Amino acid sequence: MVAITDLKDKIRDLVNKYSPVFYIAPTGFGKTTLYIEDKVLHDLINRNDRVIHVLPLRSIIVDTLENLVKVLRKSGINYRDHLGYQAGIDKICIDSDCVDKDPYMLSTYNVTTYDSYSLTLLVSPIPELSGYYGHYDVGYMALTTAINLFDEVHILLDTHEDYKSLYFLQGMTYYLSRIGARVAYMSATIHPILLSDLIRYSRNPYVVIVASGELIKSYKSAIASNIKIDTYEISTDSSFCKVNKEICNGLLNYPNYVKTIVSEKDVVEIAKDVLEGNSLTNGLSKYTHDRVAVIVNTVGEAVRIYYELKKLIDSKCLDYELFLLHGRLGEGEKSKRLKMIKESIEKGKNVVVVSTQVIEAGVNISFHTMITEIAIIESLIQRVGRLARIDPENECKDGPCLAIISISEQALENALRVYGNIAREAWIRLVNMTRPNEPMNLDWKTGTSPSIYNVLLSIDVEKYMDTLDLIDYSDIVNELISPVIYNVMFARDIYDLLRRIELKFGGSIIRSSPLLKLVILNDESKVKDSVTVSLRWLLSKGESIVKTSNGKPCYYLTLCKEECSEYIECRDIIWSRKYAIHDVKSLIRNLSKRPLTTIYRVQRYLSSVLGKRTYFHGLVVKEGIYSDEYGLP
């Protein structure tokens, strides 16, 4: 019989003996905080060991750093001596104390993104991406000598746009496990087929699963019989739950306090009924709706619903504070709004948050009613994970808490736009499993029937992996990782490595589209905030979004002489007779064809003109385009 604290000790021990270790468990089983404990951090520091914690979303990075700072402060350790991060966030501060950036990932505990990790492993440390050569060996040694925690990996694999992230993780797992690097994957909702695909190329894997007997059986049937597996069953009479009674009871009783409704109404209609306290179905007139989350699949839909609910709240003087969150709000503004939401909840105020997928993970807020558009099942599980997450019995005090899923035509259309045809299959199977508009006790945590995991496991994800025939893990190993190892001994220029990634993977190893920072200026032409957007989105909006001067694109830079300062430069980029950027149109054209090498050339040219210590960060947004309330259009 194993307590959760003992289980975490065991997993940390396994990480030192096997590679990789996969830890599959519901929320509350210490996945993200596996190494964020007083004793564990002290041990890391004392033995000069390191952790690189890799996360898919910037919001999760901020929350993880906040937890780390609290633990280190409580222990009397100066967090700035041991903590760092590498991500596209200019500054992360907790209670006015800021965490230092550590782009070489050499801190005792470094928190980073999958984007930064992949470029550091396959090209060079981030600060050297604009150089002719990079210290490939520094990035290589930093990553391969640390404990590599790949967290929330299901979010990376759940896009179903393409499976580049799967190829990257397969190749990286294959390589790191063979050189004996310490690797751990952590997830709550990874599909058994995707888990099997990751394990397939591992040298010495070990799998730990905490779930219902039904879900454990599904994982076991997908994983090869020679793989070492430890399982811990969540059920009323299991030995594991006898030791961990409180947390098991919370998970098993969750459906009694959180009812699920599949509704044919549009999200905005449901939201209006909830805010006005209307009866949602026959016999369900009382429910807990003081904290409401409305989650949709596109920014445009989020803005539209926010506007509609704002009119409703104002016209009927409803007692709610309304907030909007999405990926095209400034990073600073998002952090500010999240802080305001938490403060409002602490003061006992009623809140409504209209959001896109940015709230799915890493946002430590517990809502009491959630209204969401249909999405892929993994995404729905993440969304409902924000619902009654602390203490369902006491939180759902005015009636049940509610997870309401809209299966309207509009909701399905938005889901198809983001997730592709797999969303339609999720829609069909969810409709077949439930009775529209009737509350049901549906499990969202453990896989105990009737469970949302029944729907997840019934979907054959392999038939959506049509691009797997084009490239596989060996391409990552042979065309990307091997050249980096070669570079440790025989220098190869960075431009060539970026070009390799571009030709084979379209500019991003893990995403369907690379990312680029857009900078928002205030009235004094100083940086007010920044938004990171996909190049795919920018290519559709570019000429209407990017600031110009005399037709020339404006670039946001850091210019360092005796001191470093922000700098805006609007000019031509002339690399050669054949290669030049004279306006936004030519910039967008080059970014669409050669995103990584175009950014590289822009950086190199600006450095040659303005000085060696010139650093390109992104493009500048036109005046009047960004709305403080709504973000970028």
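Just so you know, these numbers use all the heavy atoms, side chains as well, and skip hydrogens, waters and symmetry mates. The chain is numbered in sequence order, starting from 1. Everything numeric here is computed off the predicted structure, so don't read it as measured data.
Inter-residue side-chain proximity for E66 and K70 is flagged as met; some heavy-atom pair is nearer than 4.5 Å.
Residue K342 places its NZ atom among more than 12 non-hydrogen atoms of other residues, nucleotides or ligands, all under 6.0 Å distant. Around NE2 of H82, the count of heavy atoms belonging to other residues, nucleotides or ligands within 6.0 Å exceeds 12. Under a cut-off of 6.0 angstrom, the local environment of NZ in K101 is crowded, with over 12 non-hydrogen atoms contributed by other residues, nucleotides or ligands. Within 6.0 Å of the NZ atom in K517, the count of heavy atoms belonging to other residues, nucleotides or ligands exceeds 12.
With rounding to the nearest 0.5 Å, the separation of OG1 in T448 from CG in N441 is 12.5 Å. Rounded to the nearest 0.5 Å, atoms CZ (R200) and CD1 (I223) are 12.0 Å apart.
Checked against a 6.0 Å centroid threshold, the rings of F150 and Y117 count as neighbours.
Contact check on K10 versus D230 returns a salt bridge, with a Lys/Arg side-chain nitrogen under 4.0 Å from an Asp/Glu carboxylate oxygen. Ionic pairing of E395 and R389 is not present here: no N-O contact between side-chain nitrogen and carboxylate oxygen is shorter than 4.0 angstrom. Between R80 and D97 there is no salt bridge, since no side-chain N of the basic residue sits under 4.0 Å from a carboxylate O of the acidic one. In summary, R12 and D43 do not engage in a salt bridge, as defined by a charged side-chain N under 4.0 Å from a carboxylate O.
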Discussion item. Show, in sequence, the C-alpha distance, side-chain angles and deciding distance for Q357 and S379, and conclude whether the side chain to side chain donor-acceptor pair (under 3.5 Å) test is met.
Written reply: CA-CA 8 Å; Q357 297 89 330; S379 188; 6.0 Å; no
Worksheet entry | Trace of the side chain to side chain donor-acceptor pair (under 3.5 Å) decision for S238 with Y232 | CA-CA 8 Å; S238 70; Y232 301 89; over 6 Å; no
Fill in: Check against side chain to side chain donor-acceptor pair (under 3.5 Å), S235 and D237
CA-CA 6 Å; S235 66; D237 56 355; 3.2 Å; yes
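In plain terms, the two heavy atoms of C401 and H368 that are nearest each other are CB-O, 3.0 Å. Between W444 and L442, the shortest heavy-atom distance links the atoms CD1-O, 3.2 Å. Counting all heavy atoms, side chain and backbone alike, V455 lies closest to A426 at CG1-O, 4.5 Å.
The backbone N or O of L215 sits less than 3.5 Å from a side-chain atom of S212, completing a donor-acceptor pair.
Of the options Y35, Y109, Y85, a side chain to side chain donor-acceptor pair (under 3.5 Å) to H53 is made by Y109 and by none of the others.
Between the side chains of S449 and S451, no donor-acceptor pair of N or O atoms lies under 3.5 Å.
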